[in-house]
Structures are given as C-alpha cells and as structure tokens.
Amino acid sequence: MRNLKAELQRALEQALALLGVEESVDVPVQPTPPDRPGDYGTPVAFSLARVLRRPPAEIAQELAARVCLPPGVVGAEAAGGYVNFTVGLGELVRAATEPLRPPAPVGRRVLVEHTSVNPNKELHVGHLRNIALGDALSRILRYAGYEVQVLNYIDDTGRQVAETLFAVERYGLRYDGVTKYDHWVGQAYVRLHREMEDPRLREELEAGVRAVLHRLEAGELRSAVERVLRAQLDTMWRLGAEYDALVWESDLVREGLLQQALALLEHTPYVQRPREGKYAGALVMDTSSFVQGLEDPYLVLVRSDGTATYPAKDIAFQFWKMGLLQGLGFRPFTRQPSGRLLYTSHPEGDRSVRFGGCEETINVIDATQSYPQRVVRTALAVAGRPDLAEGAHHLAYETVTLEGRRISGRRGHTVSVDEVLDEAHRRARAVVAEKNPEHPDPESAAEQVGIGAVRFAMVKTEPRRQIDFRWEQALSFDGDSGPYVQYAHARAASILRRAEEAGVLTEEPDFAQATEYERPVARALLDFPDVVAAAAAQRTPHVLAQYLLDLAAAWNAYYNARRPDGSPATPVLQAPPGLRGVRLALVRQVRDVLRTGLELLGVPAPEVM
RNA sequence: GCGCCCGUAGCUCAGAGGACAGAGCGUUGGCCUCCGGAGCCAAAGGCCGCAGGUUCGAAUCCUGCCGGGCGCGCCA
C-alpha cells in the first residue's frame, strides 16, 4: 500500500530546505480531523515560528506555495498555521486498494514468553488475558518482520503442582474419565487447601507436600504433570494460541543452568554470602543500586538450607533466553491444530535445536509480578550485561477481577476458561440460529464468534488497565466487540461472493469515477500499516483492536450511506461499470485488512456467520 | 512508610504536545427503494480527579495534593 504520509513528510522536508531551515526538524504529518478540508495536514509551521521569527500563518502560506506535491496530491492550502493536503479522490482510492504486503524482515530475534500456567488446575479468566495478549503480540511481531520464538514455561517443580499431586495421592482419587482432566486434578487441589486450614493437620500435610516436591525435582513425576499439561493445552489451542516450545523448570535445574547463573552472579560485588545477621548462610543479591523504594534491598537467591528461590530460577531462565547461558535440549512434543510442531525441553533432547539466544525478550506476566521481573532485569546488569537488560521487557498487564473481587484458585473464586468458552459458544449459537437460520455450519460459526468475542474483549483495552470480568461485557456481540468486526468482514466477503457469482469480480476499476463516499473508507485503509507498526513498537495489541473497530465502522457507514433523497448511495454490484470495479476493489481491501487484522489478534474471521 | 500503575460522558473505554475531546453500552427518536439490521442515522449527556507550572498550543509533559489498585518474605 502506498505510504502517502511518508511521501508528504519528505516533500515537506525538502520545502523546508528551500525556506532556509537548515537544522533537521521533526515534521509531523497527521490525518486532518473530520469536517476539515484536506486529508493530511501538518502543524510544523508552529514549531518553525520561533526558529524563523515569523508568524506561523505566514510560514504555512509559504510552505503551501513552495511544497512540491507528490503525484496524486492535488492541493496544499494553509489554514491558520496548518498546511493541509488534499489527495485526489481517484489516487486516494487507488492507493488504498493496492495489495497488502507484510513488512520486510527486520532481522531481529525476539522471544515472547506467555501463558506459563502452573500445571495443576484448569485455566481461569485471569489466564485468558495473558494468553490473548501474548498470542496477539506474538502474531503482530511476526507480521511486523521480527523472528519470533513463543515459549510457554512449565513450572513443574513448584509448590502448587506438588500440592495437587499430593492431594490426588492422599485422597486415593481415581480419574473418572469424564471430567476434563485439568479440572479434575484442580478439585483435589482445592480440597487439600480446605483441609490445610486445619492447624492440626498442617505439619502432616506439609511433610507430604515436601516429599512430592523432592520427587518432582528429581523428574520422577513428569508424566503426571504432562497429563495435566496436555489437558490445559487443549484449552489454549481452542483459544487459537500455539507455541514454539515448552520449557520445563526441572530441565533448567537438571541441565545445570541454575548453577551456571548463580556462578555468573556469585563473584560480582553485588552478590554476597553473609556470615551473620538476618541472612546468615544464604546467598543474597544487593539490588539497591538498581531498584528504588525497597525497605530491604537484599534478595535471597539461595536459602541457607541450600535450596534455590523462585527468582533464582527465573534469572537462570532469563539468562538462557538471552544467550548468556546455553545447554537445553529440545525434542518434538506434539503437533498443534494448525500443523505447527510444538517442541519441549527434555533431558534427552537434541541440543542443536536452538531456542533462546534472543537480544530481545518480552515476558507477558501480570503487574503483580513487576518486582520479580525487575529483579530479573537487574540480574542481567549485575552479571555485567546492561546491554541485555535494555532488551528485557516485561509486558505488565493489570489483573482481571471477577465481580470486583480478586480471583483465587485456592478458594475456588474463579471462572474457568472452558466454562467461558462454552457459554460464549452457546450464546453465539443462539444468535446464529436467529440471524442466519440457513447457515451451513452453525456450530463452527458459533465457535468462531464465541472465541472472537472473548479474545477481542481481552485485547481491546490497554494492558495496564485493570479489567473486571463480566459476562455481558466479555460476551457482547454488538458495539465495540469482536463480532462487530467479524460481521463487517463477513458482510464484505458476502458482497464479493455475489460479485463472483455475477461474474464481475475481476472488473477493471476506473478510479476516475470514485465518489466522495469512498474517501473515508480509503483513508481508514491507508492507516493500517502504521497501526501495525505502532502495535509492534509499543508492544500492545489494543491499538490494532481499536483500529479495526474504526475501520469496520467506516465500512458499515459506507455500506449504509444514503443520498439526500433517501436512496442508497453506494451500491456495489448495481454500480455502473468502472465505478463497480472501484467499489469491488475497495470492498476486497476492506475484507483483506479486516481479515489480516483479526488474524493478528487471534480472532477468527469467518466468511459467513 | 517507600515504589509502580490508574482517575476522560450515568457505566465500560479510545485519545504517540496540535485543529471545536471521541466510541460503545444505556436513554430518546428515526432508517428494509441495494449487495447480511450482529448494521446505519440523529439527539441528549464533559470543571478530561484538584491546584500550580512548562509551551505559540496540555486530556497528553513536570511538581504537589486527593481518590483507587498493586508491590515491598530464606512463599511461589
């Protein structure tokens, strides 16, 4: 697609040279507000006023007169201090309908870690936000030209897993074969936590959990963990998320990465092993020169009993991600629904299958983990690699609450992802039956709409805003919703189908016949490349989601446009030859951009719904 | 106490220092003369938390205050 903004920017820079501006100034080019003349404008004259010591309006006048217009731009006029450009209608629509091409590779490797759910219970709505964000961001970065690795961390030596497996053992539970497996083990976990509230049983239960923990660390219970993991993966896949590799915490430890990471830190001036006082016998890191606002800047890496803390393992993982450490083996784990192979770290894995070693990492983890994430970053600097610390990002999203309360897996105050998706499917199924009773495959459409509604709701707001999960909101099918965008897409697809039936699909467009009705849609289409670039640069999918809503709205308005006498203003198939070609090209581009954008968000784009 | 994040319409939210602050939901009133009404058009609704400051220009940047969320364990 032609980049008119960039061309105008260059033209303005040249014009500035003619005006005698030598130093390089930033030349912003922005779309003009609605109901203003022109398509693009610049306020650059304001910032020049000081340099040139002349009033902005005068500078704008002269700029408008002197600027050499790119082809197809038919006018430049000064309005106050602004210079506004009008693009010829035909050229605007032609530019907007040029085939979409993904950006060229940028030659940067970026590693995205997301999901990373404890393998001990079913996924809940809090995880939903993590997966929706992480998956969308991975897709966006990949499209934007990055070489992306998507990792899902399996904390198989954590307390939660130990508690769950211990509970199953203690209660002598046998799988009923009916309940989804992750839900089934999750029940045992909740049951154990109820029992743990009894102080008399505390010690006995604690001993049992510790015993399981040791077996986990020895890798003895891997297949039990794997069974839970596979059930969870079914939910992740149903959401449309896929990964490149699973990294097991036990492998990180067994392969000696933890020891290597500690060795890198140990001899730096920031890491010590105090002989007396509060931290006697432990290995601690002094973070005071990197993190402010801590009462106590010392962070324990290795406890006085010799066991490593969770942050220590996180640090080792981060070091590996950025190539500071090597040594994990990988082998194929399973094939994912799209056919993409999923690898897993494994003691017997192949060391030549290379993951990790990225100069940039994005850890998708909720904002309550900001401090540990900060520590991980700090550790890179402590290890003498402040350059790597620069590339270590934490995508901190705020937590999801449920009816205003914090989600608690232990107390069972949650709604599971499976439950949400089933309900979304049910509601969508009812709407499909009502709106499109002839639908050839209503179940599949309902699934796509349901998933789309849920995922879109999770990514349409800024990550750092807290969201409260509410059914009506997450499962809304109208207004600012996924199905609204999906519907706009299906409507465009439907017109193109009919055009094909009528044999006019490939009609040659005569852009000279374009009308003012096409202008807003064309302008919206031209924004797409910038939006994707912004989403990638800011590492947030919400800008793309907001854009898709705008584009869908512009397209729907176009579709429904009326002449002053009330007759349809923008028929496509009934339009005269030539204009019909223009409109078909526009509709095709609307469909393609909506589809591409939805795919980047991981929202299905059904042709019929 | 210290640190990080958030305060924009009744509610949920957009708004890379630029033009009169925009959507959706809800409310009220309209639109099947077309290709999908999960749609469209219109109305009503604002001290952009408060007070200063920087700037030609501030919802946006800075400072202070107020309100809300989160974090600060030899837990994970």
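A, B, ... follow the sequence lines: proteins, then strands. Residue 1 opens every chain.
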For nucleotides 9-12 of chain B, list the nitrogen or oxygen atoms of the protein found under 3.5 Å from its nitrogen or oxygen atoms, one pair per line.
{"residue": "B:rU12", "atom": "O2'", "partner": "A:Q473", "partner atom": "NE2", "Å": "3.4"}

(request) Dot-bracket for RNA chain B, please, read 5' to 3', with Watson-Crick or G-U wobble pairs under 3.5 Å on both distances, ( ) within the strand, [ ] crossing, | other strand, . unpaired. (result) (((((((..((((....[...)))).(((((.......))))).....(((((..]....))))))))))))....
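- Using a 4.0 Å heavy-atom criterion, one finds that A:E462 contacts the sugar-phosphate atoms exclusively.
- Contact annotation: A:R580 does not reach the phosphate of B:rC35 (side-chain N/O to OP1 or OP2, under 4.0 Å).
- Residue A:R374 places none of its side-chain N or O atoms closer than 4.0 Å to OP1 or OP2 of B:rC4.
- Once the 5.5 Å centre distance and the 30° plane angle are applied, the aromatic ring of A:Y487 is found not to be stacked with the base of B:rG36.
- For A:S288, the side chain to side chain contact (heavy atoms under 4.5 Å, CB included) partners are A:D286, A:P297, not counting sequence neighbours.
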Tabulate below the donor-acceptor pairs under 3.5 Å that side-chain atoms of residues 547-555 of chain A make, not counting sequence neighbours, or state none.
{"residue": "A:Y547", "atom": "OH", "partner": "A:A524", "partner atom": "O", "Å": "2.7"}
{"residue": "A:W555", "atom": "NE1", "partner": "A:A488", "partner atom": "O", "Å": "3.0"}

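- Among the heavy atoms of the strands, none lies under 4.0 Å from A:T42.
- Within 4.0 Å of A:Q160, counting heavy atoms only, lies no atom of the nucleic acid at all.
- Contacts classified as side-chain hydrogen bond (donor to acceptor under 3.5 Å, both in side chains) and involving residues 567-576 of chain A (residues at least two apart or in different chains) are given here: A:D565-A:S567.
- For the pair A:D296 CG and B:rG73 C1', the computed distance is 9 Å after rounding to whole Å.
- For the salt bridge (charged side-chain N to carboxylate O under 4.0 Å, His left out) condition, the pairs that include at least one residue of residues 567-580 of chain A, sequence neighbours left out, are A:E507-A:R580.
- Between A:R54 and A:E62, at least one side-chain nitrogen of the basic residue sits less than 4.0 Å from a carboxylate oxygen of the acidic one, meeting the salt-bridge criterion.
- The gap from the C1' atom of B:rA23 to that of B:rC61 amounts to 26 Å, rounded to the nearest Å.
- Applying the 4.0 Å criterion to OP1 and OP2 of B:rA14, one finds that A:R465 has a side-chain N or O inside that range.
- Along RNA chain B, the nucleotide nearest to A:S476 and the one nearest to A:P43 differ in position, and the one closer to the 5' end is contacted by A:P43.
- RNA chain B is contacted by both A:R36 and A:A280; A:R36 maps to the nucleotide lying nearer its 5′ end (nearest heavy atom per residue).
- Scored by the side chain to side chain contact (heavy atoms under 4.5 Å, CB included) test, A:V376 finds A:D314, A:I315, A:Q318 as partners (sequence neighbours excluded).
- Partners of A:D478 under the side chain to side chain contact (heavy atoms under 4.5 Å, CB included) rule, at least two apart in sequence or in another chain, are A:S476.
- Between A:H542 and B:rC13, a side-chain N or O to OP1/OP2 separation shorter than 4.0 Å is absent.
- Between A:Y153 and B:rA76, a side-chain N or O to OP1/OP2 separation shorter than 4.0 Å is absent.
- In this structure A:R464 satisfies the side chain to side chain donor-acceptor pair (under 3.5 Å) test together with A:E462, sequence neighbours excluded.
- The shortest distance between the side-chain N/O atoms of A:Y559 and the OP1/OP2 oxygens of B:rG37 is below 4.0 Å.
- Note on A:R464: every side-chain N or O is 4.0 Å or more away from OP1 and OP2 of B:rC5.
- To the nearest angstrom, C1' of B:rG30 lies 13 Å from CG of A:N560.
- In this structure A:S250 satisfies the side chain to side chain donor-acceptor pair (under 3.5 Å) test together with A:D156, sequence neighbours excluded.
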Per-pair distances, 0.1 Å, donor-acceptor, side chain in residues 531-546 of chain A, under 3.5 Å, sequence neighbours excluded:
{"residue": "A:R539", "atom": "NH2", "partner": "A:H393", "partner atom": "ND1", "Å": "3.2"}
{"residue": "A:T540", "atom": "OG1", "partner": "A:H542", "partner atom": "N", "Å": "3.3"}
{"residue": "A:T540", "atom": "OG1", "partner": "A:H542", "partner atom": "ND1", "Å": "2.7"}
{"residue": "A:Q546", "atom": "NE2", "partner": "A:K460", "partner atom": "O", "Å": "2.9"}

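- Taking side-chain N and O atoms only, A:R303 has a distance below 4.0 Å to OP1 or OP2 of B:rA76.
- Exactly one residue among A:V284, A:L283, A:T309 makes a side chain to side chain contact (heavy atoms under 4.5 Å, CB included) with A:V302. That residue is A:L283.
- In this structure, A:T368 reaches the sugar-phosphate backbone alone: every heavy-atom distance under 4.0 Å involves primed, P, OP1 or OP2 atoms, never a base.
- In terms of phosphate contacts, A:Y484 brings no side-chain nitrogen or oxygen within less than 4.0 Å of OP1 or OP2 of B:rA38.
- Residue A:S567 has no polar side-chain atom (N or O) positioned under 4.0 Å from OP1 or OP2 of B:rU33.
- Within residues 450-458 of chain A, no residue has any heavy atom closer than 4.0 Å to RNA chain B.
- The residue A:V449 sits close to a base: some heavy atom pair falls under 4.0 Å.
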